[in-house]
Amino acid sequence: MNLLDGINEPDDVKRLSGPECATLAEEIRALLVAEVSRTGGHLGPNLGVVELTMAIHRSFDSPNDDVLFDVGHQAYVHKILTGRAGDFATLRQRHGLSGYPSRAESPHDVIENSHASTALSWADGIAKAHQLKGEHDQHVVAVIGDGALTGGMAWEALNNIAADTSFPPRKLVIVVNDNGRSYAPTVGGMAHHLNTLRTTGGYEKFLSWGKQALQKGGAPGRFAYDALHGMKKGIKDVIAPQGLFEDLGLKYIGPVDGHDLAALEKALHQAKSYAGPVIVHALTEKGRGYAPALADAADQFHAVGIIDPETGESAQKKSTSWTSVFSDEIVEIADRRKDIVGITAAMMIPVGLHKFAAKYPERVFDVGIAEQHAVTSAAGLSHGGLHPVVCLYATFLNRGFDQLLMDVALHREGVTFVLDRAGVTGPDGASHHGMWDMAILQVVPGLHLAAPRDAARLREEVTEAVAIEDGPSVVRFSRGSVGADVESLERLTDGVDVLARGGNDVLIVSVGALAERALDVHGKLAAKGIGSTVIDPRWVLPVPGSVITLAGSHTLVAVIEDGVKVGGVGARVRQDLRAEGLRTGVLELGLPTEFLPHGTREEVLAEAGLDVDSMVERIIAELPEQLARPRRAG
Ligand SMILES: Cc1ncc(C[n+]2csc(CCOP(=O)(O)OP(=O)(O)O)c2C)c(N)n1
Ligand SMILES: CC(=O)[C@@H](O)[C@H](O)COP(=O)(O)O
Ligand SMILES: [Mg+2]
């Protein structure tokens with residue numbers, strides 16, 4: 001019988017002795033390695049917060065106290081301590097445990113959104129609500145990583161939290177989980193400050209460290225140390241971010257060894273008793289206790305697939321990913337064009353800029369988890385005569401929409417956006433599906449958006465995109481493996497590819513990576529005596545003219561797209577048809593305006609009605625009505 005079997009809620013952790021806690025930590029790490037190596041997930045981040053999460057749940061009273069996790073990818077230990085240890089075999093699977101906090105799973109879970117840098121704003125709001133409602137015994141604890149602290153929202157929140165002059169003061173504890181990494185080492189001035197603390201172990205210790213270092217230098221060293229001590233205030237503001245935090249009006253406690261449970265609990269109890277907002281700075285190690293993760297220089301097993309638990313080696317068969325195709329193509333483009341520069345928001349390898357950065361380090365910028373800054377700094381780079389390629393996961397572009405609209409498009413700056421993980425992604429769930437980009441971007445004046453159907457078109461359309469210099473260009477593609485190339489029968493003058501011909505009952509407009517599926521629909525319709533033409537516009541926004549022309553000669557247009565149908569390409573085709581006075585029916589086969597669950601990409605697409613059979617059925621059901629309607633208005 002292990003201790004984990006007896007952990008069903010935080011009180012069960014509170015009752016453990018110190019040695020028992022050490023045993024429990026070992027059991028938790030063993031469970032994480034055993035289960036996550038089978039399911040895939042955020043192994044490294046969670047191995048790094050075992051003691052930290054235990055200390056939080058031993059020091060506070062969730063769910064009466066709110067325990068928040070920024071991003072939430074590091075909440076597996078929280079789930080284990082709140083009664084879900086037995087569910088990890090279903091992690092990130094359809095109807096299984098979410099990889100992020102989930103209110104449907106537990107009252108202990110609050111933030112489901114996996115977009116970084118939001119937890120402090122949540123905490124500020126909750127703390128204000130407790131205060132206004134007179135709930136003065138409830139704490140809000142927000143765990144935020146050093147990476148998420150590079151996001152602008154975190155500083156907007158800190159600015160407000162620090163302004164709290166209310167009485168009684170709000171009970172808000174910010175736990176900085178500082179492992180020095182996002183995926184790779186965290187970049188930026190904040191990281192430098194935190195690193196200074198990490199290396200000198202805190203301001204006071206910094207001075208004694210300085211004293212020893214300087215006194216080794218004899219009399220001059222002693223003089224320098226005295227001068228240093230005399231500049232205590234100045235040094236404190238420059239060297240120790242507690243100066244940064246304390247100058248904001250926030251109490252700073254730390255740095256604390258994030259793997260020393262007793263020290264953590266001492267700091268958290270000190271924070272709990274402090275009258276006002278307080279920061280506890282914990283130093284942790286991503287991948288702690290698991291040698292393969294610690295040996296992984298790239299990202300210390302930030303997000304793993306299925307791996308061999310003994311070696312950490314991938315146990316999945318190798319395949320060509322969309323990202324790898326882009327990663328090679330952008331280097332070839334960078335070879336040809338010296339004005340091309342790349343920008344990533346703390347995801348150099350995941351978005352495929354690492355090869356570009358390795359060959360031309362001065363031409364690739366990692367701005368931290370700061371998509372808004374990434375987009376507007378790209379407008380600046382363009383204004384300065386370069387052509388930036390901003391590489392993000394599609395879902396994270398949501399955060400930089402205003403900057404794209406008002407800094408890039410309004411000024412007609414030539415910036416290219418490469419959106420990886422566009423469409424249904426799968427295991428990361430609702431806030432990770434990249435399903436809104438085509439809908440929100442179709443309102444941007446002067447924007448061109450391409451959705452490549454395969455590797456050949458990806459290479460082609462990225463090259464075409466970086467040639468657009470008078471406004472934003474976007475290329476969006478899926479997560480995971482890219483299929484075989486889908487060749488066209490003919491390319492029309494405006495770049496639209498005809499993939500199949502077979503009659504004028506239906507014009508199937510295939511957007512992006514769903515081309516093979518569109519051809520399967522074509523084949524199944526033909527087997528039922530329904531003739532269709534399949535086209536891939538390649539550039540879907542604005543809708544090419546030949547799409548509208550072809551639609552005018554078909555009974556029904558079916559637009560298949562891996563994005564929300566409200567405001568999607570299908571909706572745009574309908575608008576453009578009506579503007580031409582054409583009454584051709586349009587069937588928008590896109591995603592519903594819903595938050596879609598986690599699962600495999602196939603499962604989620606099927607549940608959204610984008611499996612082949614469902615689409616065939618919907619087209620057949622729609623046809624009779626269209627056949628009975630006049631093709632032209634009036
Ligand atoms: C807005 C946004 N951009 C990018 C990401 C992708 N992402 C997930 S976790 C992560 C790194 C987070 O680093 P940190 O906050 O230090 O947490 P750690 O993994 O080190 O525990 C990134 C960039 C995200 N979730 N949200
Ligand atoms: C939490 C986060 O945003 C990323 O780590 C994400 O989970 C990675 O997704 P991929 O597995 O698609 O790279
Ligand atoms: Mg980190």
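The chain is numbered in sequence order, starting from 1. Both ligands and their constituent atoms are indexed starting at 1 by order of listing.
In terms of polar-atom proximity, Ala116 is counted as a contact of ligand 1, with an N or O under 3.5 Å from an N or O of the ligand. For His302, a nitrogen or oxygen atom sits less than 3.5 Å from a nitrogen or oxygen atom of ligand 2, counting backbone and side chain alike. On a distance-only criterion, Gly147 and ligand 1 share at least one N/O pair closer than 3.5 Å. Remark: ligand 1 and Arg399 share no N or O pair separated by less than 3.5 Å (distance only, no angle test). Looking at Ser114 next to ligand 1, an N or O pair under 3.5 Å apart turns up. Polar contact check, Arg181 against ligand 1: a nitrogen or oxygen pair lies under 3.5 Å apart.
Close contacts between ligand 2 and Arg479 involve ligand atoms 10 (P), 11 (O), 12 (O) [criterion: under 4.0 Å to a heavy atom]. Using a 4.0 Å cut-off to heavy atoms of Gly145, the atoms of ligand 1 that qualify are 14 (P), 15 (O), 16 (O). Below 4.0 Å from some heavy atom of Glu371 lie the following atoms of ligand 1, by number and element: 1 (C), 2 (C), 3 (N), 4 (C). Ligand 2 places these atoms under 4.0 Å from at least one heavy atom of Phe396: 3 (O). Within the listing of ligand 1, atoms 14 (P), 15 (O) sit less than 4.0 angstrom from a heavy atom of Ala148. Taking every heavy atom of Asp146 and a limit of under 4.0 angstrom, the matching atoms of ligand 1 come to 16 (O). Under a 4.0 Å criterion applied to the non-hydrogen atoms of Asn177, ligand 1 contributes the atoms 21 (O). Atoms of ligand 2 found under 4.0 Å from any heavy atom of Tyr183, numbered from 1 in the order shown, are 4 (C), 5 (O), 6 (C), 8 (C). Counting the atoms of ligand 1 from 1 in the order shown, those under 4.0 Å from a heavy atom of Asn179 are 18 (P), 20 (O), 21 (O). Near Lys286, meaning under 4.0 Å from any of its heavy atoms, are these atoms of ligand 1: 18 (P), 19 (O), 20 (O). Listed by atom number, the atoms of ligand 1 under 4.0 Å from Met347 heavy atoms are 4 (C), 6 (C), 23 (C).
Ion pairing between a basic and an acidic side chain is recognised when a charged N comes within 4.0 Å of a carboxylate O; Arg476 and Asp437 show such pairing. Comment: Arg517 engages Glu602 in a salt bridge, judged by a side-chain N to carboxylate O separation of less than 4.0 angstrom. Salt bridge status for Glu51 with Arg58: absent, with no side-chain N to carboxylate O gap under 4.0 Å. By the 4.0 Å N-to-carboxylate-O rule, Arg181 lies too far from Asp146 to be salt-bridged with it.
Protein heavy atom in closest approach to atom 23 (C) of ligand 1: Ile369 CD1, 3.5 Å. The nearest heavy-atom contact from the protein to atom 13 (O) of ligand 1 is Ser182 CA, 3.4 Å. Scanning all protein heavy atoms for the shortest distance to atom 9 (S) of ligand 1 gives His302 CE1, 3.3 Å. The protein atom (non-hydrogen) at minimum distance from atom 7 (N) of ligand 1 is Tyr183 CE1, 3.9 Å. The nearest heavy-atom contact from the protein to atom 24 (C) of ligand 1 is Phe396 CZ, 3.2 Å. Given atom 7 (O) of ligand 2, the protein heavy atom at minimum distance is Asp428 OD1, 2.8 Å. Of all protein heavy atoms, the one closest to atom 1 (C) of ligand 2 is Tyr100 OH, 3.1 Å. At the top of the distance list for atom 10 (P) of ligand 2, counting protein heavy atoms only, stands Arg421 NH2, 3.6 Å. Scanning all protein heavy atoms for the shortest distance to atom 3 (O) of ligand 2 gives His432 NE2, 2.7 Å.
In summary, Asn179 places an N/O/S atom under 2.8 Å from the Mg ion (ligand 3), meeting the contact criterion. Backbone or side-chain N, O or S atoms of Asp146 reach the Mg ion (ligand 3) at under 2.8 Å. The Mg ion (ligand 3) has no N, O or S atom of Pro45 closer than 2.8 Å.
Under 4.0 angstrom from ligand 1, there are no non-hydrogen atoms of His42.
For the side chain to side chain donor-acceptor pair (under 3.5 Å) with Lys286, the qualifying choice from Gln74, His42, His302, Gln300 is His302, the only one to do so.
Taking the six-membered ring where tryptophan is involved, the planes of Tyr252 and Phe245 are essentially parallel, since the angle between them stays under 30° and well short of 60°.
Residue-ligand proximity: His115 is placed with a non-hydrogen atom under 4.0 Å from ligand 1. In this structure, Thr186 does not count as a contact residue of ligand 1, since none of its heavy atoms falls inside 4.0 Å of the ligand. Note on ligand 2: His115 sits outside its first shell, no heavy atom being nearer than 4.0 Å.
Less than 6.0 angstrom separates the ring centroid of Phe396 from the ring centroid of His115.
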